[in-house]
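Just so you know, these numbers use all the heavy atoms, side chains as well, and skip hydrogens, waters and symmetry mates. Note on naming: letters A, B, ... go to the chains in the order of the sequence lines (proteins, then strands), and numbering restarts at 1 for each one. It should be emphasised that the depicted structure is a prediction, and the values quoted were computed from it without experimental measurement.
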2 protein chains.
Amino acid sequence: MVLYAGQGDPQRTLALLWRGIAADSARTSRGPKPALTVDAIVDAAITVADESGLDGLSMRAVGERLGRTAMSLYTYVPTKRELIDLMYDQAHAEISAPARSPGDWRAEVESWAGELQTCYLRHPWLLQVSHARPVLGPHEQAVLESILRALDPAGLPPAGLRAVVSSLFSLVRGSARSIAEARSAATTTGTTDQEWWTTRARLMRELVPDFADRFPLSVRLSCEQVTDWEQAARDAFCDGLAILLKGV
Amino acid sequence: MVLYAGQGDPQRTLALLWRGIAADSARTSRGPKPALTVDAIVDAAITVADESGLDGLSMRAVGERLGRTAMSLYTYVPTKRELIDLMYDQAHAEISAPARSPGDWRAEVESWAGELQTCYLRHPWLLQVSHARPVLGPHEQAVLESILRALDPAGLPPAGLRAVVSSLFSLVRGSARSIAEARSAATTTGTTDQEWWTTRARLMRELVPDFADRFPLSVRLSCEQVTDWEQAARDAFCDGLAILLKGV
DNA sequence: CACAATACCTTATGCCGTAAGGAGTTTCAC
DNA sequence: GTGAAACTCCTTACGGCATAAGGTATTGTG
C-alpha cells in the first residue's frame, strides 16, 4: 500500500531547504490564503526547541504557538523530520562570514569556531539532531564555505583540508556539547556544580571504597578542583583548538 | 503530589551502575526468585538498540525479547532513562586497556582512539545518548583512566591534559558520527554513495543553478570525487588525529 | 454560478512511558 | 503450620506522540 514515496521526498525536502533561492516558486493561489508560512513555522519551532529542548518539540506545541492545530502544519511541511531539518539549517543562518583579514588565517579560524560554538549554545538541540547524510541546506553550506574561505590561505591539499575541517567541526561540537550539558545539568537539577559533586563523591565513597585504587589517574586529575564546570570546558576548547592549529 | 523523588534517584542509579562492584548487595530474598537480572535486561536492550536504533528501543521491545512484559522491567530498573545509562556504560566495557608499550605513547593513544571508535560504530546509538553530567559508570571511567594512562608519559600539565583528552573524545565521537551516518544512509536508502550523490546533484542543479558561484570553495573541494564516503571519513579521522598529536 | 484547489479542522489509529493495583509465589516470625 | 510480609510479574489505563483519513470552509478560475 505504501506508494514508495521515498523517491519524491528528497526533491521536496531540497525545495523546502532552498526555498526563496530556488527558481520555481510558482504561486498557484486557488483556495484560501495560507495563514502561515514555512518560515513562521520554522521560527516557532526553533523557539519551542530553544525553550523546551528537542523532547519538548511536538507538532502540537508548534501549532499551538501559532494558534493552529498540529495537523495544519502538515500543509506546509511533510513530516516532523523535515521540519527539524529546516530548523537545523535555519539556525545556522545566524553565523556570519568572518570579516576578511587576509594576514592571519588562524585568527579567522578561531573566530569562525567561536561563532559556531555560540550558535550551538544558543540552540543546544542542534547537537542532538542526527543526520543521515549531510543536510546541505543553504545556511549550513554557507558555514562550510566560510571555514573553507578562512582556511584558503593556508594552502592545504584537499585531503588535509578535509581532515582539518572535519576536526574543527568535531572540536566545536564536542566542546559545545560539554558546555551545554554543564549548563542544563545546573539548571534542571537546581544544584551548583559544587553541591552536585560533593553529593556524588560521598555516594561513591560509600559504594566503591577502593575507587582511588582502581582509577588513580582520574582521581589525580579531578583533584585539581574544578569550581566552574563550564569554564573548564571552555578552556579545554581553546587549548584544544590551539593544539590543533599548531599541528596544521 | 510528586514526592520529590529526585533526591533518592542518584543513589539508586549509582548503585545500579556499580552493581557487582558495590559492597552492599544484600540479597533479601523473600518472594519469588527473579527470573531476570539487570545484566540480562541491559544486554537485551543493547541488542535491540543495535538492531533498531535508539528510536526502536522501547520498554515493550526489550521486554518482548526477554519473554516478559514491559512493566516487569520496572522491577529492576527505575525508568527508561536509567536503563539507557546502564546500556551506555555497559557498551564501554568492550574497550580493553591498551597494552603497555612504554616507549611510544602516541601509538598507544592511537590504538585507544581506534578502539573507542570501533565501539561507537558497533553501537551507533551511543552517539545519540545525551548526558546531563557525566555518567561515571565503572566502564566509562575505565576508558577515561586508560587514555590517561596512555598519556601519562607525555607529562602534560593538568589543564593541557584535560584539553587533550577532551579533544580526543571530540575527534573520535565526531568521526564515528560521520562514519555511522554514511553507513546508515547507505543501508536505509538502499542506494550507493554514487547514486545518492548524482541524484542529489541533479536536483541541486535544477533548484539552485548558481550553486557553483555561491559556494566555489565547497564545489572545488567536493570535485575531488569521493567514491567511498566512509573511507573519506576514516582518512579524515586519521589525519586529524595525527595533526592533533603533532600539536601536543 | 459551478467547480476545482486549497487550508484547516476533527477524528481515529497505533505507538510510547509508566502509574495503579491485583494475583501468584516464596520466605520469615511465631 | 500458619499467617503476614516481601517480592515478581501481570493487566489495565492514562495521557501524549506522529500522522493517516476524511470532512468543511474558503478562495480563485471557467
Student: Quick one: A:I84 CD1 to D:dT19 C1', roughly how many Å, whole number?
Tutor: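 Going from CD1 in A:I84 over to C1' in D:dT19 covers 14 Å.
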Student: Short question: side chain of A:D50, backbone of A:H123 - any donor-acceptor pair under 3.5 Å?
Tutor: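 Judged by distance alone, no pair lies under 3.5 Å.
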Student: Nearest whole Å is fine: how far is D:dA18 P from A:L57 CG?
Tutor: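 For the pair A:L57 CG and D:dA18 P, the rounded distance is 8 Å.
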Student: Would you indicate, yes or no, if C:dC8 has its OP1 or OP2 atom less than 4.0 angstrom from a side-chain nitrogen or oxygen of A:Y76?
Tutor: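 True: A:Y76 side-chain N/O within range (under 4.0 Å) of C:dC8 OP1/OP2.
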Student: Pick the closest DNA chain C nucleotide for A:A70 and for B:M59 by heavy atoms, then say which residue is nearer the 5' end.
Tutor: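 By nearest-heavy-atom nucleotide position, the 5'-most residue is A:A70.
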Student: If we only count heavy atoms from C-beta on, is the A:R12 to A:P78 side-chain gap below 4.5 Å?
Tutor: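 In short, these two side chains touch, coming nearer than 4.5 Å.
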Student: Tell me, do A:L116 and A:F169 make a side-chain contact under 4.5 Å, heavy atoms counted?
Tutor: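 The answer is yes; the side chains approach within 4.5 Å.
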Student: Report the residues that fulfil side-chain hydrogen bond (donor to acceptor under 3.5 Å, both in side chains) with A:R122, sequence neighbours left out, ordered by chain and then residue number.
Tutor: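 A:E94.
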Student: Between D:dT19, D:dC10, C:dG17, spot the one nearest the side chain of A:T79, thanks.
Tutor: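 Taking heavy atoms from C-beta onward, the closest nucleotide is D:dT19.
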Student: Which of these passes side chain to side chain contact (heavy atoms under 4.5 Å, CB included) with B:Y88: B:L83, B:L126, B:V42?
Tutor: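 Exactly one candidate clears the test, B:L126.
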Student: Give, for atom CG of A:L127 and atom OG of A:S178, the distance between the pair rounded to the nearest 0.5 Å.
Tutor: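 A:L127 atom CG to A:S178 atom OG measures 9.5 Å (nearest 0.5 Å).
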Student: Starting at atom CG of A:L73, determine the distance to atom C1' of D:dT19, rounded to an integer number of angstrom.
Tutor: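 My rounded result for the distance is 12 Å.
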Student: Any side-chain N or O of A:S72 below 4.0 angstrom from OP1/OP2 of C:dC9?
Tutor: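 Result: yes.
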Student: Show which side-chain atoms of residues 64-73 of chain A pair as donor or acceptor with protein atoms under 3.5 Å away, not counting sequence neighbours.
Tutor:
{"unit_1": "A:R65", "atom_1": "NH2", "unit_2": "A:E51", "atom_2": "OE1", "d": "2.9"}
{"unit_1": "A:T69", "atom_1": "OG1", "unit_2": "A:S72", "atom_2": "N", "d": "3.4"}
{"unit_1": "A:S72", "atom_1": "OG", "unit_2": "A:T69", "atom_2": "O", "d": "3.0"}

Student: Kindly give the atom pairs (protein nitrogen or oxygen, nucleotide nitrogen or oxygen) under 3.5 Å for nucleotides 23-30 of chain C.
Tutor:
{"unit_1": "C:dT26", "atom_1": "O2", "unit_2": "B:G31", "atom_2": "N", "d": "3.3"}

Student: Within the pair B:T69 and D:dC9, is there a side-chain N or O less than 4.0 Å away from OP1 or OP2?
Tutor: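 B:T69 to D:dC9 OP1/OP2: no side-chain N or O under 4.0 Å.
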Student: Can you check the A:R68 CZ to C:dT10 P distance for me, whole Å?
Tutor: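 Value for this atom pair: 12 Å.
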Student: Between the protein and nucleotides 11-15 of chain C, list the N/O to N/O atom pairs that are separated by less than 3.5 angstrom.
Tutor:
none

Student: Please list, by residue number, the residues of residues 40-56 of chain A whose heavy atoms come closer than 4.0 Å to an atom of DNA chain C; answer none if no residue qualifies.
Tutor: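 Nucleic-acid contacts, sorted: none.
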Student: For the pair made of CD in A:E64 and C1' in D:dG16, what is the distance, rounded to whole Å?
Tutor: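 About 13 Å, once rounded to whole Å.
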Student: Is there a donor-acceptor contact under 3.5 Å from the side chain of A:R177 to the main chain of A:G174?
Tutor: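 Here the side-chain-to-backbone pair does not exist.
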Student: Applying ring-ring contact (aromatic ring centres under 6.0 Å, His included), name anything that partners A:Y74, two or more places apart in sequence or on another chain.
Tutor: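 Per chain and number, A:Y74 pairs via ring-ring contact (aromatic ring centres under 6.0 Å, His included) with no residue.
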Student: Classify the side-chain pair A:E82/A:T79 by whether it contains a donor and acceptor separated by less than 3.5 Å.
Tutor: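 Looking only at side-chain atoms, A:T79 and A:E82 do form a donor-acceptor pair, the distance falling under 3.5 Å.
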Student: Answer whether the closest heavy-atom distance between the side chains of B:H139 and B:I95 falls below 4.5 Å.
Tutor: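 Contact flag for B:H139/B:I95 side chains = no.
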Student: Rounded to the Å, how far apart are B:K80 NZ and C:dT18 P?
Tutor: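 One finds 8 Å between P of C:dT18 and NZ of B:K80, rounded.
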